[in-house]
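Quick note on labels: first sequence line is chain A, next is B, and so on, each numbered from 1. These numbers were taken from a predicted model, which means no experiment stands behind them. As a basis for the values below, the full set of heavy atoms in this structure was taken, side chains included, without hydrogen atoms, waters or symmetry mates.
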Amino acid sequence: MPRHLKIATFNVNGIRSRLPHLLAWLKKEMPDVACLQELKATDQAFPIDEIHAAGYGALWRGQTSWNGVAVLGRGVDPVESRRRLPGERADEQARYLEVMAHGVLVCGLYLPNGNPQPGPKFDYKLRWFDRLLKHARALAKLEHPVILAGDFNVVPTDFDIYDPKSWRKDALLQPESRERYERLLAQGWTDSLRAMHPEERIYTFWDYFRNHWPRDAGLRIDHLLLNPALAPRLVDAGVDRWVRGLEKASDHAPVWVKLRRPP
DNA sequence: ATGTCTATATCGTATAGA
């Protein structure tokens, strides 16, 4: 049994086209829990056999073409807590999956991108964020350890992007998006990457345009937030940049935290 | 304004979303 519990999030940008990368990453980094986003596959197309063969159990919520989230558990089948945010009855987009695994309530999420902004997609992003805020407020207060993990599609501050100039009008940097992320933190959530590395430029996403990866022109939009019951166990956090450097990589790199195991 | 991927609808190439 490794000393620490490792929980990660990875926007795979198509699980079928990215399966070799996902399997290589699981084998090398061995996260105990992995939240995946942008499966871009139906439930039937989810590659559960390969994931089982890699030593992981999984729950997933797919959708044709877009979105889709999953949570993998190393050596265990995650136990489903909920498959959608409260107040989502009419929302069919597969963006939220909450499970229990390795003693932690893991909330895997894929917040809407929201571009172009302004417009209906940005309105949807803010509504989705408001639903998350409402649900997260209750989760923060639990005495049980909880983690919010996923692609939040929010660059929290100008320190979390290589250069905000060409992104000022983008939905990821809007004051309305950032203010909601701030409110989330004000509920008591710890931004693990920033807490561990307050002075460091950290990126988790480099788009495919304009040579951004070779120039290390990235954004920090994939986040791992710990509730007060879990935050004292935080020992390390980082980004598996090597995955972004692979041939035909996702535009995101996996992000992880290491947590002390409870006594 | 641009740039590049993935998936879908359909079998070469266009469109949407990010």
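The P atoms of B:dT2 and B:dA16 are separated by 16 Å, rounded to the nearest whole Å. A distance of about 14 Å separates the C1' atoms of B:dG12 and B:dT8, rounded to the whole Å. With both ends at atom C1', the span from B:dT15 to B:dT10 equals 13 Å, rounded to whole Å. Distance check on atom P: B:dA14 versus B:dA1 gives 23 Å, rounded to whole Å. Rounded to whole Å, the separation between the P atoms of B:dT6 and B:dC11 comes to 23 Å.
Whole-Å rounding puts the A:Asp207 CG to B:dG17 P distance at 18 Å. Separating the CG atom of A:Asp251 from the P atom of B:dG17 is a distance of 17 Å, rounded to the nearest angstrom. In this structure, A:Phe152 places its CZ atom 18 Å from P of B:dA18, rounding to the nearest Å. The nearest whole Å value for the distance from the CD1 atom in A:Ile221 to the P atom in B:dA18 is 12 Å. Note: CG (A:Asn115) to P (B:dA16) measures 16 Å, nearest angstrom. Note: CZ (A:Arg16) to C1' (B:dT6) measures 10 Å, nearest angstrom. One atom, CG of A:Leu173, and another, C1' of B:dA18, lie 15 Å apart when rounded to the nearest Å. Here the P atom of nucleotide B:dT8 and the CD atom of A:Gln63 are 11 Å apart, to the nearest Å.
The side chain of A:Thr64 lies closest to B:dT8, out of B:dA18, B:dT8, B:dT6.
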Practice prompt. Check the pair A:Lys121 / A:Asn115 against side-chain hydrogen bond (donor to acceptor under 3.5 Å, both in side chains), numbers first and verdict last.
Written response: CA-CA 6 Å; A:Lys121 290 186 178 175; A:Asn115 281 304; over 6 Å; no
Worksheet entry | Test salt bridge (charged side-chain N to carboxylate O under 4.0 Å, His left out) applied to A:Glu179 and A:Arg183, step by step | CA-CA 6 Å; A:Glu179 178 261 340; A:Arg183 268 160 55 200; 2.8 Å; yes
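Residues A:Gly103 and A:Pro145 share a closest heavy-atom pair of O-CG, 3.5 Å. Contact record, A:Arg201 with A:Asp160: NH1-N, 4.4 Å, taken as the closest heavy-atom pair. Taking each heavy atom of A:Tyr56 and A:His52 in turn, the nearest pair found is O-CD2, 3.1 Å.
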Could you pull out the protein-nucleic contacts involving nucleotides 2-5 of chain B (nitrogen or oxygen on both sides, under 3.5 Å)?
{"residue": "B:dT2", "atom": "N3", "partner": "A:Arg210", "partner atom": "NH1", "Å": "3.4"}
{"residue": "B:dG3", "atom": "N2", "partner": "A:Arg210", "partner atom": "NH1", "Å": "3.3"}
{"residue": "B:dG3", "atom": "N2", "partner": "A:Arg210", "partner atom": "NH2", "Å": "2.9"}
{"residue": "B:dT4", "atom": "O4'", "partner": "A:Tyr208", "partner atom": "O", "Å": "3.2"}

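Residues A:Trp167 and A:Tyr162 bring a donor and an acceptor atom of their side chains to less than 3.5 Å of each other.
Comparing A:Ser17 and A:Trp66 against DNA chain B, the residue whose closest nucleotide sits nearer the 5' end is A:Ser17. The residue among A:Pro112 and A:Ile15 whose nearest nucleotide of DNA chain B lies closer to the 5′ end is A:Ile15.
Expressed to the nearest 0.5 Å, how far CG of A:Leu111 lies from OG of A:Ser177 amounts to 8.5 Å.
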